K.L.:
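Let me begin by handing over the structure; questions about it come next.
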2 protein chains.
Amino acid sequence: MDQVEIFKALSNKSRLEILNWLKNPELHFSAEHQNCAGVCVGSIQEKSGLTQSTISEYLTILKRAGLIEATRTGQWTYYKRNEEAFAALSKLIGSEI
Amino acid sequence: MDQVEIFKALSNKSRLEILNWLKNPELHFSAEHQNCAGVCVGSIQEKSGLTQSTISEYLTILKRAGLIEATRTGQWTYYKRNEEAFAALSKLIGSEI
DNA sequence: TTGGGATATCGGGATTTTCCGATATAACTT
DNA sequence: AAGTTATATCGGAAAATCCCGATATCCCAA
């Protein structure tokens with residue numbers, strides 16, 4: 001758990017927005033663009049207004065920080081939050097840092 | 001409470017180190033370089049190995065993010081943690097973000 | 001097996017961050 | 001008033017980040 005990498009991942013308005021959307025996918029994405037594995041890249045990209053390459057990169061940054069998880073199914077990659085990571089981070093800030 | 005500003009402030013190894021030192025000043029600084037208002041800039045600078053200007057800037061960044069507080073006394077500025085801010089951030093990550 | 005759709009990676013210009021040395025300011029001392 | 005000490009601010013080189021367009025890869029369908 002690289003603290004600096006996590007905080008860097010969180011140091012961007014667009015990435016915080018993505019994490020917020022993924023907290024309640026059913027609220028932010030239509031049913032056909034999500035499943036139990038998460039939401040696909042294209043839906044996130046479309047909603048964000050940023051380019052596909054940027055969103056793909058941002059999702060990779062969040063994934064490398066451990067904040068989200070990816071599941072590839074056919075040509076789609078579904079991303080969802082790793083809630084354990086957020087719980088651990090919350091605890092860390094509340095006690096260690 | 002600007003989330004991005006807070007996470008940017010935390011996105012640096014040296015600044016995280018400073019916050020860690022300030023968590024238990026009595027463990028990391030000699031008694032004559034601290035008081036109830038915190039630890040003075042020079043002591044932090046000396047311990048860090050970075051230059052005076054860099055440490056002064058880093059403390060300003062942490063202060064602007066609300067993570068630490070400054071008290072000027074004569075020619076010294078004492079810095080200490082703002083624990084409420086850390087508690088609030090922990091709560092935020094555990095529920096909002 | 002070829003074409004198309006979804007995602008990842010590459011290369012890069014613009015901006016920001018990192019950390020420095022030099023200089024300014026502010027307060028104390030004599 | 002002049003010198004000293006503590007801190008803040010300025011200007012800048014190097015590195016990192018932001019976000020893009022172009023291209024590559026991967027998978028499915030016809």
Side-chain angles (χ1 to χ4, degrees), chain A residues 2-19 21-22 25 29-30 32-35 37-65 67-80, chain B residues 2-19 21-22 25 29-30 32-35 37-65 67-80:
Chain A
D2 183 334
Q3 294 178 17
V4 172
E5 188 175 18
I6 292 174
F7 289 129
K8 278 189 179 172
L10 293 171
S11 295
N12 178 280
K13 198 163 190 326
S14 302
R15 289 194 294 266
L16 287 180
E17 211 172 19
I18 292 171
L19 290 173
W21 294 336
L22 292 181
F29 303 95
S30 61
E32 64 262 35
H33 295 115
Q34 52 180 299
N35 59 30
V39 181
C40 66
V41 180
S43 304
I44 300 170
Q45 186 260 310
E46 191 179 345
K47 193 172 178 63
S48 73
L50 295 174
T51 63
Q52 188 273 321
S53 62
T54 297
I55 290 303
S56 179
E57 186 190 342
Y58 281 9
L59 291 170
T60 299
I61 288 171
L62 291 170
K63 181 171 161 239
R64 271 205 307 262
L67 296 169
I68 61 176
E69 295 167 336
T71 308
R72 180 112 201 190
T73 303
Q75 39 193 336
W76 291 274
T77 306
Y78 295 93
Y79 283 96
K80 71 169 175 182
Chain B
D2 182 335
Q3 294 177 17
V4 172
E5 188 175 18
I6 292 173
F7 289 129
K8 278 189 179 172
L10 294 171
S11 295
N12 177 281
K13 198 164 191 321
S14 301
R15 289 194 294 267
L16 287 180
E17 211 172 19
I18 292 171
L19 290 172
W21 294 336
L22 293 181
F29 303 95
S30 61
E32 65 261 34
H33 294 114
Q34 52 180 298
N35 59 30
V39 181
C40 65
V41 181
S43 304
I44 299 170
Q45 186 261 312
E46 191 179 345
K47 193 172 177 64
S48 72
L50 296 174
T51 63
Q52 189 272 323
S53 62
T54 297
I55 291 304
S56 179
E57 187 190 343
Y58 281 9
L59 291 169
T60 299
I61 289 171
L62 290 170
K63 180 170 162 241
R64 271 206 307 262
L67 297 169
I68 62 175
E69 294 167 335
T71 308
R72 180 113 201 189
T73 304
Q75 38 193 337
W76 291 274
T77 306
Y78 295 93
Y79 284 95
K80 71 169 175 182

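By convention in this document, chain letters (A, B, ...) are assigned in the order of the sequence lines, proteins followed by strands, and residues within each chain are numbered from 1. Every value quoted in this text rests on a predicted model; they were computed, and no experiment measured them.
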K.L.:
Specify the separation, in whole Å, of atom OH of A:Tyr78 and atom C1' of C:dT7.
P.N.:
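Atom OH in A:Tyr78 sits about 12 Å away from atom C1' in C:dT7.
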
K.L.:
Are side-chain heavy atoms of B:Ile6 and B:Asp2 found at a separation under 4.5 Å?
P.N.:
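Side chain of B:Ile6 against side chain of B:Asp2, heavy atoms only: no contact under 4.5 Å found.
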
K.L.:
Just the rounded figure in Å: distance from P of C:dT7 to CD1 of A:Ile68.
P.N.:
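Atom CD1 in A:Ile68 sits about 13 Å away from atom P in C:dT7.
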
K.L.:
Could you tell me whether a side-chain N or O of A:Gln45 sits under 3.5 Å from a main-chain N or O of A:Leu50, the two making a donor and an acceptor?
P.N.:
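Side chain of A:Gln45 to backbone of A:Leu50: a pair is present.
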
K.L.:
When you check the phosphate oxygens OP1 and OP2 of D:dA6, does a side-chain N or O of B:Tyr79 lie under 4.0 Å from one of them?
P.N.:
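B:Tyr79 to D:dA6 OP1/OP2: no side-chain N or O under 4.0 Å.
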
K.L.:
How many Å lie between CD on B:Gln45 and C1' on D:dT9, as a whole number?
P.N.:
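It works out to 16 Å between those atoms.
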
K.L.:
Hey, could you give me the CZ/NZ distance between B:Phe7 and A:Lys8, rounded to the nearest 0.5 Å?
P.N.:
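Between B:Phe7 CZ and A:Lys8 NZ, I get 15.0 Å after rounding to 0.5 Å.
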
K.L.:
Whole-Å distance between C:dA6 P and A:Asn35 CG?
P.N.:
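Rounded to whole Å, this separation is 15 Å.
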
K.L.:
Starting the side chain at C-beta, find the nucleotide from C:dA8, D:dC19, D:dT7 nearest to A:Leu50.
P.N.:
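Minimum distance to the A:Leu50 side chain belongs to D:dC19.
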
K.L.:
Any side-chain heavy atom of B:Ile61 sitting closer than 4.5 Å to one from B:Arg64?
P.N.:
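The answer is yes, as the side chains (C-beta and beyond) meet within the 4.5 Å cut-off.
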
K.L.:
Among residues 5-16 of chain A, which residues get a heavy atom nearer than 4.0 Å to DNA chain D?
P.N.:
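When residues 5-16 of chain A is checked for heavy atoms under 4.0 Å from DNA chain D, the hits, listed by number, are A:Lys8, A:Ser11, A:Asn12, A:Arg15.
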
K.L.:
Are A:Leu67 and A:Leu10 close enough, and set up right, to give a side-chain contact (heavy atoms from CB on, under 4.5 Å), and what steps lead you there?
P.N.:
CA-CA 9 Å; A:Leu67 296 169; A:Leu10 293 171; 3.7 Å; yes

K.L.:
Could you tell me the separation between the CD atom of A:Glu17 and the P atom of D:dC19, rounded to a whole number of Å?
P.N.:
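A:Glu17 atom CD is separated from D:dC19 atom P by 11 Å.
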
K.L.:
Work out which heavy atom in B:Tyr78 is nearest to a heavy atom in B:Cys40; give both atom names and the distance.
P.N.:
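For B:Tyr78 and B:Cys40, the tightest heavy-atom pair comes out as CD2-N, 3.6 Å.
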
K.L.:
Is a side-chain N or O of A:Arg72 found less than 3.5 angstrom from the main chain of A:Gly74, in a donor-acceptor match?
P.N.:
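Yes; judged by distance alone, with no hydrogens or angles, the pair exists.
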
K.L.:
Heavy atom of residues 51-59 of chain A under 4.0 Å from DNA chain D: which residues?
P.N.:
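Residues of residues 51-59 of chain A that come under 4.0 Å of DNA chain D are, in numerical order, A:Thr51, A:Ser53, A:Thr54, A:Glu57, A:Tyr58.
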
K.L.:
Taking atom NZ of B:Lys47 as the centre, does the number of heavy atoms from other residues, nucleotides or ligands within less than 6.0 Å exceed 12?
P.N.:
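Enclosed.
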
K.L.:
Quick test: give all pairs of protein nitrogen or oxygen and nucleotides 26-30 of chain D nitrogen or oxygen below 3.5 Å, distance rounded to 0.1 Å.
P.N.:
none

K.L.:
Quick one, A:Leu19 and A:Arg15 - any side-chain contact, counting heavy atoms below 4.5 Å?
P.N.:
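No, their side chains stay 4.5 Å or more apart.
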
K.L.:
Contact between A:Ile18 and A:Ile68 at the side-chain level, heavy atoms closer than 4.5 Å - yes or no?
P.N.:
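The answer is no, as the side chains (C-beta and beyond) never meet within the 4.5 Å cut-off.
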
K.L.:
Between C1' on C:dA8 and CG on A:Leu62, what's the gap in Å once rounded to a whole number?
P.N.:
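Taking CG of A:Leu62 and C1' of C:dA8, I get 15 Å after rounding.
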
K.L.:
Less than 4.5 Å apart, side chain to side chain, heavy atoms only: is that true for A:Trp21 and A:Ser48?
P.N.:
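Yes, at least one pair of side-chain atoms sits under 4.5 Å.
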
